[in-house]
Amino acid sequence: MECPRCNAALPDNTRFCPSCGLPVEGLDDDAAQTTNDSYAAQPAMLGDDEDLSDTQALHVEPSRQSATKHAGVSKRAILFAVCAVLIAILGIFVAAEAEHNRAEEERRAAEELALNTPRSVEVRLGIPTSEATHTMPVAVHVVGTTKKDAQIDEVKVVSLDEPSLLLAPGLYSVNLAGNTLSNDGFYYKGSIDTFEIEVATDGVYWRESPDDQSPQDEAEEKDEAEQTTRTQAKPVFAFAMVAPERVTDEDIQAAQSCLEAVSADYSSYAEAAYARKTEALDRIRAEGEARDAEQTNQAEGIIWYVDQQLTARALAKEEEAKKRNDDSSTTHTEEQTKEEGQ
């Protein structure tokens, strides 16, 4: 195809004539021929004395300026579009990064809050149902490490009314710190079991670990623990009431000291225990005295009975001897009478 203005050969798919700068995009051969004929007729209309090259010059310069201006605008538009896309992509990336950082900060804050928030750990106290009306505080010894590597070694008090401990997430072992007293003066002796606790953010898990294991048993227990799943079953610290007369003053003092080391004044509990012990001992003493008196009465009755039996036997013997004497006298008199008659 040729340029309709300067008849220069046009490359395929060109937008402007490389010779005169005429926009030729979209022209086919017929349109190019028509345009060429119109441009060819222009010299006659201008006059014979006007040169074709001058006429072409009038048209070439504005067309080149328009093409150059159009190309500059297109490049700037493309540049602006690319910059806008890059800015949009950068904005999306920055927003996504900010959202990710915010979510990560919220997650870390939630984890930090969970690690710092104590959980309620219930400790069950096993006593007979008939004795469950007593107010019985129990001191438990807690040793372990929190998830934040804080070392815990303290004694806490639980009771039938408030059987829960507050522990931060971590691993602990719990055992009884000592025996205890009830508010009405009874002395309770507790079990020596030790329980291992894992306080996690999703729950509380227990495992029993008896203290009286041999090294071999401990090794087997360790192997078994590695294969045993955690359990949420709550352990039980068993207690047995000791008869008041069998409780010593040292037992009462030790229980009182154990409780008062971590909680309020328990002197009233100790006083009630002393009073109950004294009452029990007085009752036993009175029962013993009554029993002794009864035994004394029984002994005196036996003595009286034996004495009566002996007296009766003596009287019987006397009567028998008297009768024999009487019989002997009668026989002797009869013999004498018989002899005198002869």
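Residue numbers run from 1 in the order of the sequence given.
Residues satisfying the ring pair (Phe, Tyr, Trp, His ring centres under 6.0 Å) criterion with Y187, sequence neighbours excluded, are absent altogether.
The two atoms that bring E260 and Y266 nearest to each other are OE2-N, 3.1 Å, heavy atoms only. When all heavy atoms of L165 and V142 are compared, the pair lying nearest together is CD1-CG2, 4.2 Å. Smallest separation of non-hydrogen atoms from V242 and V247: CG1-CG2, 3.8 Å. The shortest heavy-atom contact between S191 and L176 is O-CD1, 3.2 Å. Summarising the geometry of L125 relative to S159, their closest heavy-atom pair is CD1-C, 3.8 Å, with the distance given to 0.1 Å.
Geometric assessment of R276 against the ring of F186 yields a positive cation-pi assignment under the 6.0 Å and 45° thresholds.
Between the CD atom in E271 and the CD atom in Q256 there is a gap of 8.0 Å [rounded to 0.5 Å]. Note: L166 CG to R119 CZ = 11.0 Å, rounded to the nearest 0.5 Å. Note: E154 CD to L167 CG = 7.5 Å, rounded to the nearest 0.5 Å.
In this structure, Q253 and Y274 have side chains that are in contact, with non-hydrogen atoms separated by less than 4.5 Å.
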Q: Decide yes or no on salt bridge (charged side-chain N to carboxylate O under 4.0 Å, His left out) for R108 and E105, but give the supporting numbers first.
A: CA-CA 5 Å; R108 291 178 180 175; E105 289 179 359; over 6 Å; no
Q | side-chain contact (heavy atoms from CB on, under 4.5 Å) evaluation trace for I197 with Y205 | A | CA-CA 6 Å; I197 313 176; Y205 304 92; over 6 Å; no
**Q.** salt bridge (charged side-chain N to carboxylate O under 4.0 Å, His left out) assessment of K277 paired with D249
**A.** CA-CA 9 Å; K277 174 187 175 183; D249 292 347; 2.8 Å; yes
Q: Determine, stepwise, if the pair T180 / L259 fulfils side-chain contact (heavy atoms from CB on, under 4.5 Å).
A: CA-CA 8 Å; T180 188; L259 293 173; 3.8 Å; yes
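A distance of 6.0 Å or more separates the ring centres of Y172 and F195.
Distance alone, capped at 3.5 Å, is enough to place a donor-acceptor pair between the N101 side chain and the E97 backbone. Of the possible donor and acceptor atoms, one in the side chain of N179 sits under 3.5 Å from a partner among the backbone N and O of G190. The backbone N or O of A293 sits less than 3.5 Å from a side-chain atom of N297, completing a donor-acceptor pair.
A side-chain donor from one of T145 and Q151 sits under 3.5 Å from a side-chain acceptor of the other. Side-chain atoms of S182 and D184 include a donor-acceptor pair closer than 3.5 Å.
Clustering ILVMFWY residues whenever any of their side-chain heavy atoms sit less than 4.5 angstrom apart, transitively, puts V204 in the very cluster that holds V140.
Using a 4.0 Å cut-off between a side-chain N of Lys or Arg and a carboxylate O of Asp or Glu, K317 and E320 do not qualify as a salt bridge.
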